[in-house]
Visitor: 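My structure is below; once you've seen it, I'll send some questions.
What you see is a predicted model, and the numbers here were worked out from it, not measured in a lab. Every chain is numbered from 1, with letters handed out A, B, ... down the list of sequences.
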Number of protein chains: 2
Amino acid sequence: MDVKRLHVDTTTTLITMEDEVDRLVAAWRRERPDLDVEPLEVLSRVSRLARHLDRARRLAFSEHGLEPWEFDVLTALRRAGTPYQLSPGQLLTQTLVTSGTMTNRIDRLAKKGLVERLPDPSDRRGVLVRLTDEGRDRADQALAGLLDQERAILAELSRAQRSELAALLRQLTAPFDNIPG
Amino acid sequence: MDVKRLHVDTTTTLITMEDEVDRLVAAWRRERPDLDVEPLEVLSRVSRLARHLDRARRLAFSEHGLEPWEFDVLTALRRAGTPYQLSPGQLLTQTLVTSGTMTNRIDRLAKKGLVERLPDPSDRRGVLVRLTDEGRDRADQALAGLLDQERAILAELSRAQRSELAALLRQLTAPFDNIPG
DNA sequence: CACAGATATCTCGATGTCAAGATAATGGAC
DNA sequence: GTCCATTATCTTGACATCGAGATATCTGTG
């Protein structure tokens with residue numbers, strides 16, 4: 001039971017360690033041999049890896065005094081370019097949270113002086129959220145730290161493998177990102 | 001700005017749609033041309049895809065009257081096989097939550113009659129959480145539904161691509177799962 | 001056999017998130 | 001121009017999670 005199987009990567013002939021999902025899949029095959037659990041090989045790994053990444057990021061950001069959610073909002077604004085402002089709605093689609101959550105986030109960031117809320121001159125329902133100078137600096141610093149950490153995690157893979165992985169993931173994410181989803 | 005680039009998968013010559021991460025990376029290259037943001041191509045996609053999957057799962061489970069966190073706990077017990085019992089500590093490592101969270105989850109599942117708490121006969125500090133018959137049935141039903149949904153999501157990829165994707169992800173998750181992480 | 005450190009679980013307070021609904025403004029049909 | 005469906009944002013209440021600390025038990029050392 002739970003035989004130690006070693007997986008061999010066909011392109012590089014590198015031996016890879018077993019992970020929790022291997023154990024999870026083996027357990028399902030034992031308990032529910034009637035089911036095809038192949039989908040879990042991909043999607044359970046995505047979910048678990050995301051959870052690990054969340055933890056690692058929380059740690060990396062704490063050095064810059066930022067929470068992951070703060071980073072997400074500040075960098076979305078930073079990426080928008082001068083004058084670093086977006087509507088709450090645009091921030092929603094980028095961060096995948098609900099509108100109530102975003103209102104709350106903006107409130108807290110505004111209280112910390114990292115963003116400010118401005119009325120949208122062309123739509124009186126609307127609001128524009130703008131990064132302050134300090135917000136911009138904090139975002140820039142945290143981004144550099146994050147990239148260092150992510151590079152270390154990705155060192156497991158060759159450049160070609162990273163590129164292949166990105167392409168495969170894109171095929172899965174594109175439907176969610178483009179269809180209203 | 002934001003030129004519509006189309007990505008071509010080198011192995012299948014299939015054209016892939018752009019996704020949010022493509023836009024995100026393009027924006028960073030414009031705003032911070034001094035930084036190498038290649039890591040985001042992989043890891044931002046992992047995080048975003050996980051978020052999309054969370055939403056889709058919440059929807060799929062609601063048909064069976066389960067929350068995602070309930071599914072995670074019940075299926076961990078289900079996979080353990082007869083007599084379907086694990087310690088809270090074992091449940092922690094499988095679900096990647098903190099001990100306080102797990103205590104709370106077990107309380108709520110017990111109140112719903114899906115699990116029961118038993119004293120561990122061999123360690124008086126310890127507890128064993130056991131699946132009830134109803135808990136087992138609910139877990140089995142929800143799993144079948146989840147697999148159907150996941151198969152639909154993965155239909156974007158060929159069998160070979162799914163296998164390749166699983167192998168690449170395993171290389172990234174294995175260090176987290178094996179080193180204390 | 002006593003003790004110290006490790007381990008297993010639980011308690012508690014703070015906080016972030018979600019879902020649903022409220023409010024306000026827009027824009028196209030007629 | 002008026003109306004209605006749509007859009008944009010905010011409000012609210014319920015709830016799940018985390019982190020730090022408390023308690024009880026185990027285990028190895030001397």
Visitor: How many Å lie between CG on B:L109 and P on D:dA16, as a whole number?
Guide: 10 Å
Visitor: Strictly below 4.0 Å: does B:R108 bring a side-chain N or O up to OP1 or OP2 of D:dA16?
Guide: yes
Visitor: B:R125 has a side chain; which of C:dA8, D:dC10, C:dT17 sits nearest to it?
Guide: C:dA8
Visitor: For the side chain of B:S99, counting heavy atoms from C-beta on, which of C:dC10, D:dC10, C:dA19 is nearest?
Guide: C:dC10
Visitor: Would B:R138 and B:E70 pass as an ion pair if we require N to O under 4.0 Å?
Guide: no
Visitor: Starting at atom CD of A:E70, determine the distance to atom C1' of C:dG16, rounded to an integer number of angstrom.
Guide: 11 Å
Visitor: Looking at B:D54 and B:R57, does any basic side-chain N land under 4.0 Å from a carboxylate oxygen?
Guide: yes
Visitor: Got A:L172 and B:L165 here, is their nearest side-chain heavy-atom distance under 4.5 Å?
Guide: yes
Visitor: Do NZ/NE/NH1/NH2 and the carboxylate oxygens of A:D22 and A:R45 come within less than 4.0 Å?
Guide: yes
Visitor: Identify which nucleotide among D:dC10, C:dT17, C:dC10 has an atom closest to any side-chain atom of A:R117, counting heavy atoms from C-beta outward.
Guide: D:dC10
Visitor: To the nearest Å, give me how far apart CD1 (A:I106) and C1' (D:dT9) are.
Guide: 9 Å
Visitor: Looking across every strand, which nucleic acid part, if any, lies under 4.0 Å from A:D123 by heavy atom: base, sugar-phosphate, or nothing?
Guide: sugar-phosphate
Visitor: Rounded to whole angstroms, how far apart are CD on A:E67 and P on C:dT17?
Guide: 9 Å
Visitor: Identify which nucleotide among D:dC18, C:dC10, C:dT17 has an atom closest to any side-chain atom of B:T101, counting heavy atoms from C-beta outward.
Guide: D:dC18
Visitor: Counting the atoms with a prime plus P, OP1 and OP2 as sugar-phosphate, which does A:G100 contact under 4.0 Å by heavy atoms, base, sugar-phosphate, or nothing?
Guide: base
Visitor: Nearest whole Å is fine: how far is C:dT17 P from A:L91 CG?
Guide: 14 Å
Visitor: When you measure from the side-chain N and O atoms of B:R105 to the phosphate of C:dT9, is any distance below 4.0 Å, counting only OP1 and OP2?
Guide: no
Visitor: As a test of reading the structure: which of D:dG19, D:dC10, C:dC10 is closest to the side chain of A:T103, going by heavy atoms?
Guide: D:dC10
Visitor: By nearest nucleotide on DNA chain D, pick out whichever of A:G89 and A:R51 is the more 5' one.
Guide: A:G89
Visitor: Measure the distance from CG on B:D120 to P on C:dT9 and round it to the nearest whole Å.
Guide: 8 Å
Visitor: Are B:D36 and A:R151 within salt-bridge range, i.e. N to O under 4.0 Å?
Guide: yes
Visitor: Using heavy-atom distances to pick each residue's nearest nucleotide on DNA chain C, tell me which of A:R124 and A:N104 is more 5'.
Guide: A:N104
Visitor: Please give, in whole Å, the distance from C:dG16 P to A:M102 CE?
Guide: 14 Å
Visitor: Just how far, in rounded Å, is P of D:dC18 from CG of B:L92?
Guide: 10 Å
